Enquirer: 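Before I ask anything, let me first share the structure, which is written out below as structure tokens.
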Amino acid sequence: MGVSDAWKGPLLCSLAMVLVGSTVVVSKVIAQDIEPFAATVLRHALALPVFFALMRWRGQRLPRLGRRDALLLTVQAAAGSVGYSVLLILGVKLSSASDAGIVAGTLPAAAALFSALLLGERPGWRLVVAIALATAGVMAVAASPGEGLAHGGGGTRLAGIALVLAAVACEAVFILASKRLSAPVPALALSALMSGGGLLLSILPAWWMAQASPSTFTPPALAAVLYYAWIPTVGGFLLWYAGSARTSGVRASLATVWLPVSALLLSLAFLGESIRSGQWLGLGCVVAAMLLAALPTPAGRQD
């Protein structure tokens with residue numbers, strides 16, 4: 001690995017995580033005017049043609065899947081492409097984007113916890129401490145005084161934080177399901193399948209929800225959906241896989257610390273949210289948890 005790749009890989013992965021962090025902020029804008037399932041339909045309808053165009057450019061085709069893998073990919077799309085997006089939009093509607101960004105940063109620890117509970121993997125002491133730190137971080141955020149008038153009171157804010165935690169759980173399921181495929185699927189084809197699956201799975205709920213909660217599709221909300229579809233969804237994918245191809249898995253994982261940092265700073269810069277001491281404490285716990293979760297064990301060091 002050359003000197004250029006030594007810094008380029010982690011840089012590209014870090015930029016991808018900055019974009020992922022920005023989805024928390026744009027979800028706040030979307031939530032004000034567009035129903036979450038309708039926003040999910042628009043997001044995937046806009047991203048899917050781009051993925052297909054990239055596959056055509058790279059000469060790739062969608063793989064043939066067995067019944068088991070097709071079921072796993074359906075679960076992945078339901079959890080990651082639909083569940084995560086919908087729950088995140090609902091969560092930031094009830095809480096602040098800065099709260100949601102910090103809570104979303106617990107993903108690596110949540111994935112480790114789900115691996116232990118669902119797959120029977122035995123976490124080492126680092127992952128146990130990481131899970132404890134992530135939990136402490138969420139508790140610090142939840143216990144910090146919120147902007148009650150802006151978000152409908154403390155109970156509403158806690159409900160928003162719980163919805164973001166549910167979104168994180170969906171994303172953890174998404175990550176674990178991909179590890180259970182009988183044969184690896186190329187990253188670009190997998191992204192196209194996830195986007196297509198998310199589109200199909202969200203159309204019917206979007207139609208049903210539109211009867212009770214019609215969207216207004218204001219220019220700011222539509223611009224936020226366009227950004228979500230083409231920048232974090234497509235651009236984040238390209239940056240992440242380009243970066244991870246140039247660096248080790250450990251160094252790529254360490255870049256995830258930028259997700260909550262990005263969400264917190266962008267919510268401050270673009271939404272004018274104030275950052276309180278409890279949120280800074282929560283951010284510190286979550287970042288420490290992400291670092292611990294990403295570090296290799298001594299027996300399998302990849303640095």
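Please read these numbers as outputs of a predicted model, since none were measured by experiment. Heavy-atom basis, side chains included; hydrogens, waters and symmetry copies ignored.
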Enquirer: By the ring-ring contact (aromatic ring centres under 6.0 Å, His included) test, which pairs, at least two apart or in different chains, include something from residues 198-227?
Expert: none

Enquirer: Can you pull out every ring-ring contact (aromatic ring centres under 6.0 Å, His included) where at least one residue sits in residues 18-52? Sequence neighbours excluded, please.
Expert: Phe51-Phe237

Enquirer: Quick one: CH2 on Trp258 to CG on Leu265, what's the gap to the nearest 0.5 Å?
Expert: 8.5 Å

Enquirer: Under 4.5 Å between side-chain heavy atoms, counting indirect links through other Ile/Leu/Val/Met/Phe/Trp/Tyr residues: same cluster for Val128 and Phe114 or not?
Expert: no

Enquirer: Restricting to non-hydrogen atoms, name the atom on Leu292 and the atom on Ala130 that form the minimum distance, rounded to 0.1 Å.
Expert: CB-CB, 3.9 Å

Enquirer: So which heavy atom on Gly282 is nearest to which on Val141, and how close?
Expert: CA-CG2, 4.1 Å

Enquirer: Give a yes-or-no answer on whether the side chains of Thr216 and Thr218 include a donor-acceptor pair shorter than 3.5 Å.
Expert: no

Enquirer: Would you kindly say whether Glu35 and Ser215 are connected by a side-chain donor-acceptor distance under 3.5 Å?
Expert: no

Enquirer: If you take all heavy atoms of Ile203 and Leu199, which pair is closest and at what distance?
Expert: CG1-O, 3.0 Å

Enquirer: If you look only at distance, which donor and acceptor atoms sit under 3.5 Å apart when one is on a side chain in residues 76-86 and the other is two or more places apart or in another chain?
Expert:
from, atom 1, to, atom 2, distance (Å)
Gln76, NE2, Phe174, O, 3.2
Ser81, OG, Met194, O, 2.9
Ser85, OG, Arg43, NH1, 2.4

Enquirer: Could you check whether Ser96 and Arg276, counting side-chain N and O atoms only, form a donor-acceptor pair closer than 3.5 Å?
Expert: no

Enquirer: Taking the side chain as every heavy atom from C-beta outward, state whether Ser144 and Arg157 have any atom pair closer than 4.5 Å.
Expert: yes

Enquirer: State plainly whether one hydrophobic cluster holds both Val26 and Val50, where clusters connect Ile, Leu, Val, Met, Phe, Trp and Tyr through side-chain heavy atoms under 4.5 angstrom apart.
Expert: yes

